[in-house]
Each structure stands twice: as C-alpha cells, then as structure tokens.
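Note: hydrogens, waters and symmetry copies are ignored here, and every other heavy atom, side chains too, is used.
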There are 2 protein chains.
Amino acid sequence: MTNILIADDHAMFADGIASILKNEDSIKVVGRCLDGPSVIDFLKSNTVDILLLDVNLPGMSGIDVCKEVTANFKSTKVLAISMFNEESFVTEILNNGAMGYILKNTGREELFLAIDTVLSGKSYFSDDVTQTIMKGLMKQRTASKKSQPELPKISRRETEVLGLIMKEFTTQEIADQLFISLKTVESHRSNLLAKLNARNTAGLVRIAMENNLIPKEEG
Amino acid sequence: MTNILIADDHAMFADGIASILKNEDSIKVVGRCLDGPSVIDFLKSNTVDILLLDVNLPGMSGIDVCKEVTANFKSTKVLAISMFNEESFVTEILNNGAMGYILKNTGREELFLAIDTVLSGKSYFSDDVTQTIMKGLMKQRTASKKSQPELPKISRRETEVLGLIMKEFTTQEIADQLFISLKTVESHRSNLLAKLNARNTAGLVRIAMENNLIPKEEG
DNA sequence: AAAAAATTGGGGGTATCCCCCCATATACGA
DNA sequence: TCGTATATGGGGGGATACCCCCAATTTTTT
C-alpha cells in the first residue's frame, strides 16, 4: 500500500488528483494540505511514501517544503507538480531533492507511471519538462558566458594554486606542496585576484566554481 | 552551405559519417582530423559551422578541444559524438560548450536532424542521452547528500552573513550592512566555520556553493 | 627575433581573518 | 520549565591574506 499526501492550495485540483487515485487499490491518499507548514506537521505524525507537491504553494514555497522534507523525512519521496513548465522552477526543486516533476495537464496513466517510477527510487519527468531542462542547461551556459564574455586565461600554475586554495590550503601549505616559495604562491594569488576580478579568497572560489575553472576530481 | 569538420581517430567511422553527409547538397565536409591539436590548427585557417567531435580523442581529450573551440571559435558549434552513453562524458562536454550529444549508433535521419538543430542555435540530444542525463542529475544529488549526510542547520543570520561573504564583502563591511558589531559578524563566521567544518573562507564558499546553501538572486 | 606571458622570488607593510577567552538576552524546543 | 540554539557584543593576539614596490629566468606567442 502506497501512502500519498497531496499538497496543493487549489482545492479543486487536489480533489481531482484524489479522485483519480481513489480508484487504485494499491494507493491510499492519506491527507491533503493547503500550505507548506501543514505538510511538515502532517509528516511528523504520519507515514507518507510519496508527497505530491505543488511547486507554487502560498506562504512557504514548494522549494522550501521540498528541502525540508528531503532533509528530515528521508522515507518520503517528493514528486513535484506544477502548472508551469518553467525551467527555473524545475531546476530549483530538483536541486532541492524532488525525485520527479510532472505538469498539471498530465493524464492519469502518466500520473500512475510517475508515482510508480518515483516509488521505485528512480526519477521521473514529463517529456515536456525534460525538453525544458535540456534547453535550460544550455541557456544557463550561454548566459553565464555572456555575463563575463571572456575571462582572462588562467595559466597552468595558477590553476594548480587555485585548485589548492579551493581545497582550503593556506598559502604556506600550497608553497610546500608545489615546492616553491611562499612569495611565488603570493604572486599567483595576486595574479588570480586581478585576472578574475576578485577582491579576496571568497571571490576567487566563487568565480572558480561559477565558471567551472577547476575540474573536480573524485576523492 | 554548411561546413562540417569531423574529428575522430577512428578512420572507418569518420569515413562512414563523411559518406552519409556527402549525399546532402547543403552540407560540405571540409576536413577530417584524427586528434585534438589538428582540430585547433584547422579552425585557425578554415571556416567551420559545425564540428562533429568524438569525445574520446587520443592525446588532447574531446573535452579540452570543446572548451578551446567554444572559447576561441565562437562561430563554430560543437556536436559531440560518442560511442558511450556515459553520464560523466555527457555532462562534462555539455559543461564545456557542446550544443549537442549523439551516439555513434545514430541513424542518418537523426544525424541530419541533430545537425540542423544545432545549426539553428538550439541544442540536440538523443533520447537515450537525455535519459542518462536526468538520471545523472539525480545520482549526483543523492551522492553528494550521502557524502555529507546531514550538515548542521545554518541559522537565518548566519545565512545572511554567508551570502555577503560570498559577495566578497569583508567582515567590517558586513557588520556595517547589517548594522551590527564587527565582533558579532566574527562570531557568525566562527560558527559557520565550525558548522560547515571548514578551515577558512575558501572552504566556506565552496561548501556553500556545493550544497546550494545560498539562493542566488539575479543581479 | 622580438614581444608577451608565465614562473620564480624578495622586502616591507597593512588589512583581514581566525582563534582563544568571555558575557548577556532572547527564542525555541523537549 | 529547562536546556539548547541564536544573536548580540567585547579583549586580545597570532596567522593569514592582501598590497605596494621590485627583478631574473623561462616559456610562449607573435
């Protein structure tokens, strides 16, 4: 038996979902919530396998709810539902733990499929949503490239130093690891600050991560 | 007329692609390269609209080639081709400027479609590849969550301070903006270091970005 | 071959960060 | 209601980062 909680402030829509699911023997709608806080409350005293979560909840947004749920109720999987096929909504809630994203015009067959898929631990996305995400990934790339049309080329040694900075090593430690002088590392740091147009270490790290300057290795 | 450059170290495969494209009047295969450096050389003296790039090139990898091409030859669009539907390959080359990714078992119809799509400035991915990416996004999420099972809750004020740190403000500047004492901000910094298990500002910023702690606003 | 960039290193100084100790008041949760 | 977390603030000090000046050598690019 799969316990499902519906979180949507549109009563009519919540009813619709519930009536669709009602006919399925293996599924039980254990509750309905109209806002974020009541979802959290409900989960504290009930077992829920799948949370059908509207992204655009009033008050506490769906994103925050999702974050909270995946952090504190690990046995509950979130399947996001939204009226909008907006790239920002999709990526945002996926980055906060949702296992799937479907649109409100989804038919009953696809709804069941999505629920089963998410329930089995896999992720599910409507085809339209998938398209949107792929486009979004590209847009994000080109947009970030436009904002900083050409950031100066970072040399091999500077890249090394930057990588070690991101690993929280101090200048002295970096010097030791690279077998060069403290002063040399300071030179590289200084050049990095100038090239990346950063004021301090924080900016160095942020810009490096935003522009994917340091290939991350597995550790 | 669309100029296409094929970069693949497997001669037989490059021949196959070329022979498929030869029959299309609007397409002209202007060259074939067997390794990365020769691609760069070729682009320096030729106009190429689309680069069909094998991800797994010997010597200079396809990822590096792609990075170089999108950085320095902005009029050339990269369509990645690979034998492997590997999530790491796909995301890596997409993050380095490729506009599309297709597999080597792609048929001629889909090949033309991919070329046209990329040529028009949109991105193209085989269905299989799309599935792989979506799964990968999820995996990446759950994996990163496992590595740091539960990082302590960051309070509202700490989040504010952390956000300003990432914007490269100094402790004194943060104190001024929040109308609190320098010492208070230092307390928050100190608590953040302890909670996030970081050694210094670099770690603070890296961990914040890795865990998506600071909602980025548009500027 | 000449110019530019990268790599190396130093002196000296200030700003900032990070650390230890401490305290008070408020708010939140068990 | 009683602890824990949060937010506030202070003294003092050592470590680190950042800044200015500078220069020699090597590598890369033009």
Side-chain angles (χ1 to χ4, degrees), chain A residues 37 40-41 43-45 68 71-72 150-208 213, chain B residues 37 40-41 43-45 60 64 68 71-72 150-208 213:
Chain A
I40 307 299
D41 281 347
L43 289 176
K44 280 175 183 166
S45 48
E68 186 84 9
N72 299 327
E150 59 259 73
L151 62 161
K153 199 169 110 188
I154 309 301
S155 74
R156 172 193 128 269
R157 206 55 157 170
E158 283 162 356
T159 306
E160 272 184 284
V161 171
L162 184 51
L164 292 172
I165 290 173
M166 290 180 57
K167 286 184 182 166
E168 304 177 47
F169 291 110
T170 69
T171 304
Q172 183 61 62
E173 288 167 346
I174 295 171
D176 293 343
Q177 284 190 47
L178 300 182
F179 302 105
I180 55 181
S181 160
L182 176 70
K183 269 299 179 182
T184 304
V185 181
E186 281 189 350
S187 285
H188 292 316
R189 282 194 94 115
S190 178
N191 291 332
L192 282 167
L193 287 172
K195 282 188 180 178
L196 300 183
N197 201 24
R199 289 180 65 193
N200 51 34
T201 304
L204 240 42
V205 175
R206 181 176 49 75
I207 294 167
L213 258 36
Chain B
I40 307 299
D41 281 348
L43 289 176
K44 280 177 183 165
S45 48
M60 189 180 182
D64 292 332
E68 186 83 9
N72 299 328
E150 59 259 72
L151 61 161
K153 200 169 110 189
I154 310 300
S155 74
R156 171 193 128 267
R157 206 54 158 171
E158 284 162 354
T159 306
E160 273 184 282
V161 170
L162 185 50
L164 292 171
I165 289 174
M166 290 180 56
K167 286 185 182 166
E168 305 178 45
F169 291 110
T170 68
T171 304
Q172 183 62 62
E173 288 167 345
I174 294 171
D176 293 344
Q177 284 191 47
L178 300 182
F179 303 105
I180 56 181
S181 160
L182 176 70
K183 272 297 178 182
T184 305
V185 181
E186 282 188 349
S187 286
H188 291 316
R189 283 193 92 117
S190 180
N191 291 333
L192 282 167
L193 288 173
K195 283 188 179 178
L196 300 183
N197 201 24
R199 288 180 66 192
N200 50 35
T201 304
L204 240 41
V205 175
R206 180 177 49 75
I207 294 168
L213 258 34

A/Glu186 CD to D/dC19 P, straight-line distance once rounded to whole Å: 11 Å
Within the sub-3.5 Å range, which N or O atoms of nucleotides 8-10 of chain D have a protein N or O partner, and how far apart are they?
{"residue": "D/dT8", "atom": "OP1", "partner": "B/Arg157", "partner atom": "NE", "Å": "3.1"}
{"residue": "D/dT8", "atom": "OP1", "partner": "B/Arg157", "partner atom": "NH2", "Å": "3.0"}
{"residue": "D/dT8", "atom": "OP2", "partner": "B/Arg157", "partner atom": "NE", "Å": "3.0"}
{"residue": "D/dT8", "atom": "OP2", "partner": "B/His188", "partner atom": "NE2", "Å": "3.1"}
{"residue": "D/dG9", "atom": "OP2", "partner": "B/Ser181", "partner atom": "N", "Å": "2.7"}
{"residue": "D/dG9", "atom": "OP2", "partner": "B/Thr184", "partner atom": "OG1", "Å": "2.9"}
{"residue": "D/dG9", "atom": "O5'", "partner": "B/Thr184", "partner atom": "OG1", "Å": "3.4"}
{"residue": "D/dG10", "atom": "OP2", "partner": "B/Ser181", "partner atom": "OG", "Å": "2.7"}

With sequence neighbours excluded, tell me which residues meet side-chain contact (heavy atoms from CB on, under 4.5 Å) with A/Gln172. A/Thr170, A/Ala175, A/Asp176, A/Leu182
B/Glu68: partners by salt bridge (Lys or Arg N to Asp or Glu O under 4.0 Å), with sequence neighbours left out: none
For A/Ile207 and A/Asn197, work out which heavy atoms get closest and say how close. CD1-O, 4.4 Å
Please identify the 5'-most and 3'-most nucleotides of DNA chain C with any atom under 4.0 angstrom from a heavy atom of chain A. C/dA6 to C/dG12
As an exercise, state the distance from OG1 of B/Thr201 to CG of B/Leu192, rounded to the nearest 0.5 Å. 10.5 Å
If you compare every side-chain N and O of A/Thr170 against the phosphate oxygens of D/dA15 (OP1, OP2), does one of them come in below 4.0 Å? no
Check the distance between D/dA17's C1' and B/Asn200's CG and give it to me in whole angstrom. 10 Å
Can you give me the closest heavy-atom contact between B/Ser155 and B/Lys195, atom names plus distance? N-NZ, 4.1 Å
Would you please name every residue forming a side-chain contact (heavy atoms from CB on, under 4.5 Å) with A/Leu193, sequence neighbours left out? A/Ala198, A/Leu204
Who pairs with A/Arg189 by salt bridge (Lys or Arg N to Asp or Glu O under 4.0 Å), at least two apart in sequence or on another chain? none
Bend angle of the helix from C/dA1-D/dT30 to C/dA30-D/dT1 from five-pair axes at both ends, rounded to 10°? 80°
Answer yes or no: does a side-chain N or O of A/Thr171 lie under 4.0 Å from OP1 or OP2 of D/dA17? yes
Pairing of B/Glu173 and A/Arg199 as salt bridge, 4.0 angstrom limit: yes
With heavy atoms under 4.0 Å as the rule, sort A/Gln172 into base, sugar-phosphate or nothing. nothing
Where do B/Ile174 and B/Val161 come nearest, in terms of heavy atoms and distance? CD1-O, 4.1 Å
Sequence-distant partners of A/Asn191, side-chain contact (heavy atoms from CB on, under 4.5 Å), two or more places apart: A/Glu158
I'd like to check the side-chain contact (heavy atoms from CB on, under 4.5 Å) partners of A/Lys44; sequence neighbours left out, ordered by chain and number. A/Ile40, A/Asp41, A/Phe73
Got a second to check how far A/Phe169's CZ is from B/Asn200's CG, nearest 0.5 Å? 10.5 Å
Which pair of heavy atoms, one from A/Arg206 and one from B/Val205, lies closest together, and at what distance? N-CG1, 3.8 Å
Within less than 4.0 Å of OP1 or OP2 of D/dA17, is there a side-chain N or O belonging to A/Arg189? yes
Report all interatomic pairs (protein N or O, nucleotide N or O of nucleotides 26-30 of chain D) with separations under 3.5 Å.
none

Using whole Å, report how far CG of B/Leu192 lies from P of D/dT6. 10 Å
